[in-house]
Number of protein chains: 2
Amino acid sequence: MGSPVSIRDVATRAKVSVGTVSNVLNRPEVVAPATRERVLGAITELGFVRNDAARQLRSGTPRAIGLVVLDVGNPFFTDVARGVEDTASEAGHAVILCNSDESARREARHVELLAEQRVHGVLITPVDTDLAAVRRLRDRGISVVLLDHPTDEPDLCSVAVDDRQGGELAVTHLLAEGYQRIVMVNGPARIHQARQRHRGAVDAVRKAGRSRAVLEELVVPALNVASGQRAAERLLARSTRPDAVFCANDLLALGVLQVLVRAGVRVPEEMAVVGYDDIDFAAAAAVPLTSVRQPRQQIGRTAAELVIAETMSPAEHEHRHVLFAPELVVRESSRRPVRPRRGR
Amino acid sequence: MGSPVSIRDVATRAKVSVGTVSNVLNRPEVVAPATRERVLGAITELGFVRNDAARQLRSGTPRAIGLVVLDVGNPFFTDVARGVEDTASEAGHAVILCNSDESARREARHVELLAEQRVHGVLITPVDTDLAAVRRLRDRGISVVLLDHPTDEPDLCSVAVDDRQGGELAVTHLLAEGYQRIVMVNGPARIHQARQRHRGAVDAVRKAGRSRAVLEELVVPALNVASGQRAAERLLARSTRPDAVFCANDLLALGVLQVLVRAGVRVPEEMAVVGYDDIDFAAAAAVPLTSVRQPRQQIGRTAAELVIAETMSPAEHEHRHVLFAPELVVRESSRRPVRPRRGR
DNA sequence: CAGAGGTGTTAAAACGTTTCAGGAGGTGCC
DNA sequence: GGCACCTCCTGAAACGTTTTAACACCTCTG
């Protein structure tokens, strides 16, 4: 049957007052062992489960934090989510995971919902750079940590990875391996990460100061496998092909790689490929993929720690902007063979 | 500043009673347009946000449903989650997504949390077959739908895909293409899906009735890329290799495929590979992967519909066991070339 | 034996909503 | 003018907890 069993039922059963039951639940040490046992007995006998709504209403301290990501299908975010969940559940918080799917409307709806739930705090990768939704949350007194979206806003925490440095790492590596004609397959400029990674790539070329190296940007509408495939097809159709491709994320790179492999283009001899994110599949691709790794779980953990710290002591909390350093993982797809070209 | 603005503040501001504000919020049609506007004005001016805890406490009707999956990193589950979220948010429900990570302890903790939240219902892929956690939820009057875990339990709904049929589809296809020595790379027997898919594979061989075809099972500890790689290495080390590999999921298959491609084994000429789940990466692999597709989003949608229907009218609800049919997607990795072997 | 200082328990007041019985005021009908 | 019937609004009770002040009882101290 249903279970409308409340703390009051437990109290009568154990022949104590409701206050005592509440104490057993929340501060067991203040109640005498004998009564404590009696109450616990009643609880299990009746199958009592605390009603969190009432608890929250009275105590004012919620037990959930919200996490709003751009795309649950993206392994990057699922890893971040895992990190968040780890530290959150250690602190006794539930995580409400929301998927904005890069839609401002969905984001707004989710944010509204989280506000109504009176969550402890919200970790969010905002859809737009204007941060309208984020501002509204803050105005309602909910602490917010920006995820993977660096900012200078003084009244917000943020946790991100230095995308510009990541782009620079990738292209510097390609130049060092001797590649000259590099195409960056990039997402649309409205995506913050895409812009930064491209800037880093430009930095690399500039710093190398070699006049022969050229970097071109090829913009695709979405950061997924299909877009990568189409981009590769376009590159193959050219009369002079690039000798290296740097992709704004691994999904693009896998799409590119597949088309190249199937077209018989040797990777990396004829064309190198570098991705970004180092998702699990990167290492398992037909040609293991060089990629820029981000400390994904750690991003999640750090963000969760920040939001919990802020809500614990809002007064003396100092907003921090954590910027992790990316790391280049070199694999076969971009390693110039030691010997000069084989065959001829 | 914080926002301890309650319905009462709105009421005084709009010079009405709290009851009227509540009516504006929940049944706007019963209040006169003029007052309605006045109240709405006050709401936006004060930045009022409903406190869901209080609402739930009083009304007794929660607005969230729980979803407990084995692995958020697995694309199968993220697609299911997407389906769940779609129909749930249409019905005005939030989705609390929990990751049990195949750990009974984590599952128990999440289930406890969901029970305390008094969620509308729970969709769960149970870690164990004994369904202890599920029973406890039901005892507390929370409706449960089993996800991807077929059952005959008469007091539960379930939504799943016919894994046995899927296994049979895959192996029947391999046999039809002329493959003879088939190895199934499978997960441990405690995983329900692994058992069923293997049974289906056995069915296929039996039905084909061809005495020359052999099916062997190679059990690996986990259903991931690394396990697939190790399995393929073991197969390659043998003196007589199989001519086809059927993997219990796509992650395994991708691992196998990678090792084969790198070792120079031609796929499918020398060895065919078939996966299971048809994740996005399957089509984008070096050799596009034949796989068994499951209607993932539809599983999620159907499950959400069932749990919502059940909680709407628990009395006349009839528990259903929905079993979707899998579909074989044939790609290059298992298509026997029309001509006999090339070369020689 | 009075008072001080524990310890363990209780009763009642909150928390912010929804809901419901009922009241005020207006309109139409006989 | 009395009555019935609307429409719109109000006031208060209830939901299940946590929290706090107060109380009862015991033990120790002087």
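So that the names make sense, note that chain A is the first sequence line, chain B the second, and so on, each numbered from 1.
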Using side chain to side chain contact (heavy atoms under 4.5 Å, CB included), reason through A/I65 and A/V119 one step at a time and then give a plain yes or no.
CA-CA 5 Å; A/I65 69 181; A/V119 290; 5.5 Å; no
Any carboxylate oxygen within less than 4.0 angstrom of a Lys/Arg side-chain nitrogen, looking at [X] and [Y]?
X	Y	result
B/R140	B/E112	yes
A/E107	A/R136	no
B/D148	B/R296	no
A/R55	A/D52	yes
A/E153	A/R135	yes

Centroid separation A/H319 to A/H317 less than 6.0 Å
yes
Could you state the [atom1]-[atom2] distance from [X] to [N], rounded to the nearest angstrom?
X	N	atom1	atom2	value
B/N23	C/dA21	CG	P	14 Å
B/R55	C/dT18	CZ	C1'	9 Å
A/I7	C/dA11	CD1	C1'	14 Å

With respect to the phosphate group of C/dT18, does any side-chain polar atom (N or O) of B/S59 fall under 4.0 Å of OP1 or OP2?
no
Are B/T125 and B/H149 close enough that a side-chain donor and a side-chain acceptor fall under 3.5 Å?
no
So where does chain B start and stop touching DNA chain D, 5' to 3', when the test is distance under 4.0 Å to a non-hydrogen atom?
D/dC8 to D/dG16
Interface with DNA chain D, restricted to residues 29-40 of chain A and to heavy atoms under 4.0 Å
none
When all nucleic acid strands are considered with a 4.0 Å heavy-atom cut-off, which category describes B/N26: base, sugar-phosphate, or nothing?
sugar-phosphate
